[in-house]
Amino acid sequence: MTLPAIPPHAKADILAQALPYIRKFHGKTMVIKYGGNAMTDPALQRAFAEDVVLLKLVGINPVVVHGGGPQIETALKRLGKEGHFIQGMRVTDAETMEVVEWVLAGEVQQDIVGLINQAGGKAVGLTGRDGAMIRAKKLKMLDQQNPSLEHDVGQVGDIVAIDPSVVKALQDDAFIPVVSPIGFGEENESYNINADVVASRLATTLHAEKLLLLTNIPGVLNKAGQLLPTLTARQIDELVADGTISGGMLPKIAGAIDAAKAGVHAVHIVDGRVPHAMLLEILTDQAYGTMICNQ
């Protein structure tokens, strides 16, 4: 589809409207969880890379944390292996962990780095091993209905600590960090960590101004399918209890709440299927998702 040209005066108006936000967020860190259609649609990939570079150029410090569920599924199918999930978490045995590492830290990460560099930025790929950034341990997953039952999800990690030194050093040198959600344990074992959880904890550790979680939906929806533009912690508890929020949305929401409680100024679940939704969310008054606030 060919979009109509924007008249020069309209472009000037857009820039003028963005100026207060650029001034407000100059020098601030924004952690962006990159996933969903934005990762697989070529036009959305380019738009995302351009947005990240633009944020850096106007003095905002983006940190990208990416997932890669569809790419991991494709790789597993090539090996004749089927993925399994428990309460939204991928069961990760030793063989699956090998696939997760080479898909996330290899194929997916380097694609993102290449796109950002092509758009004029300077991106650097990291995993939790780099700079001893993400220390992890085996996740103990209790059953939601029966807390006395524990599920074994293999090499799925629970974050013990994050050392952001390497991220800060890259930011200071005008680089854009691109982080794969892989941590390491006391015995140098690798752990697959939910990317939403990594993004939330990293945002908290970096004292980020905003945490943006790109998804394949408009935001958090009620049972009637209507967008909920803002949510409090109490409202989220009610939505989880009645099953409105479930599956893969659970770790996303839990991480968002934790980040908001820990001081991240705003947490947004953004529709990544909308071109430049991230810029629209950051640099305009228009909401393109659900904002999580701590009340």
Side-chain angles (χ1 to χ4, degrees), residues 14-15 17-35 38 48-66 116 121-124 126 133-134 159 162-179 181 195-215 219-220 229-233 236 252-272 274 276-295:
I14 293 167
L15 290 171
Q17 290 172 29
L19 183 59
Y21 296 96
I22 294 172
R23 184 183 295 117
K24 179 180 179 181
F25 299 134
H26 188 275
K28 302 292 179 64
T29 293
M30 296 193 181
V31 176
I32 304 152
K33 190 300 184 115
Y34 179 47
F48 173 80
E50 290 166 359
D51 290 357
V52 168
V53 172
L54 178 58
L55 290 177
K56 190 69 176 178
L57 289 174
V58 299
I60 297 169
N61 292 316
V63 177
V64 178
V65 178
H66 67 84
I116 293 173
K122 296 196 298 181
V124 175
L126 302 169
M133 180 168 53
I134 305 175
I159 297 173
I162 290 184
D163 181 345
S165 301
V166 65
V167 171
K168 290 180 177 178
L170 288 169
Q171 287 181 321
D172 290 344
D173 276 343
F175 291 101
I176 299 168
V178 177
V179 180
D196 295 306
V197 173
V198 171
S200 299
R201 285 289 298 274
L202 192 55
T204 300
T205 305
L206 290 168
H207 305 291
E209 176 73 14
K210 285 181 179 288
L211 168 63
L212 296 104
L213 306 171
L214 271 62
T215 67
V220 179
T230 59
L231 282 174
T232 64
I236 287 172
K252 195 180 300 290
I253 290 292
I257 282 289
D258 288 344
K261 287 181 177 178
V264 175
H265 187 263
V267 182
H268 301 267
I269 296 175
V270 181
D271 192 346
V274 177
H276 303 293
M278 190 168 62
L279 280 190
L280 293 166
E281 184 70 36
I282 296 170
L283 301 180
T284 74
D285 287 328
Q286 181 65 48
Y288 280 84
T290 299
M291 183 175 76
I292 310 295
C293 52
N294 178 30
Q295 290 184 9

Output the distance between atom CD1 (Ile292) and atom CD1 (Ile269), rounded to the nearest 0.5 Å. 4.5 Å
Determine whether a donor-acceptor pair (N or O, by modelled atom type, separation under 3.5 Å) exists between the side chain of Asp163 and the backbone of Ser165. yes
Could you give the distance from CD1 (Ile32) to CG (Leu211), rounded to the nearest 0.5 Å? 9.5 Å
Intermediate values then yes/no, side-chain contact (heavy atoms from CB on, under 4.5 Å), Val52 and Met278: CA-CA 9 Å; Val52 168; Met278 190 168 62; 3.9 Å; yes
Once you round to the nearest 0.5 Å, how far does CG of Leu206 lie from CD of Gln171? 6.0 Å
Decide side-chain contact (heavy atoms from CB on, under 4.5 Å) for Leu126 and Met133; before the verdict, give the C-alpha distance in whole Å, the side-chain angles of both, and the deciding distance to 0.1 Å. CA-CA 9 Å; Leu126 302 169; Met133 180 168 53; 4.1 Å; yes
Give a yes-or-no answer on whether the side chains of Lys210 and His265 include a donor-acceptor pair shorter than 3.5 Å. no
Any donor and acceptor pair, going by atom type alone, linking the side chain of Thr215 with main-chain N or O of Val270 inside 3.5 Å? yes
Under a 3.5 Å cutoff, is there a donor and acceptor pairing between the side chains of Lys28 and Asn61? no
Taking atom CZ of Phe48 and atom CD1 of Ile116, what is their separation to the nearest 0.5 Å? 6.0 Å
Rounded distance (nearest 0.5 Å) linking atom CD1 of Ile236 with atom CD1 of Ile257: 3.5 Å
Say you draw a straight line from OG1 of Thr204 to NZ of Lys261; how long is it, rounded to the nearest 0.5 Å? 12.0 Å
Compare every heavy atom of Lys122 with every heavy atom of Ala174, then report the nearest pair and how far apart it is. O-CE, 4.0 Å
Check: Val220 main-chain N/O paired with Thr290 side-chain donor or acceptor under 3.5 Å: yes
Dump the intermediate steps for side-chain contact (heavy atoms from CB on, under 4.5 Å) on Val267 and Met291, then the final yes or no. CA-CA 6 Å; Val267 182; Met291 183 175 76; over 6 Å; no
Looking at every non-hydrogen atom in both residues, tell me the closest pair between Val178 and Ala123 and how far apart they are. CG2-CB, 4.1 Å
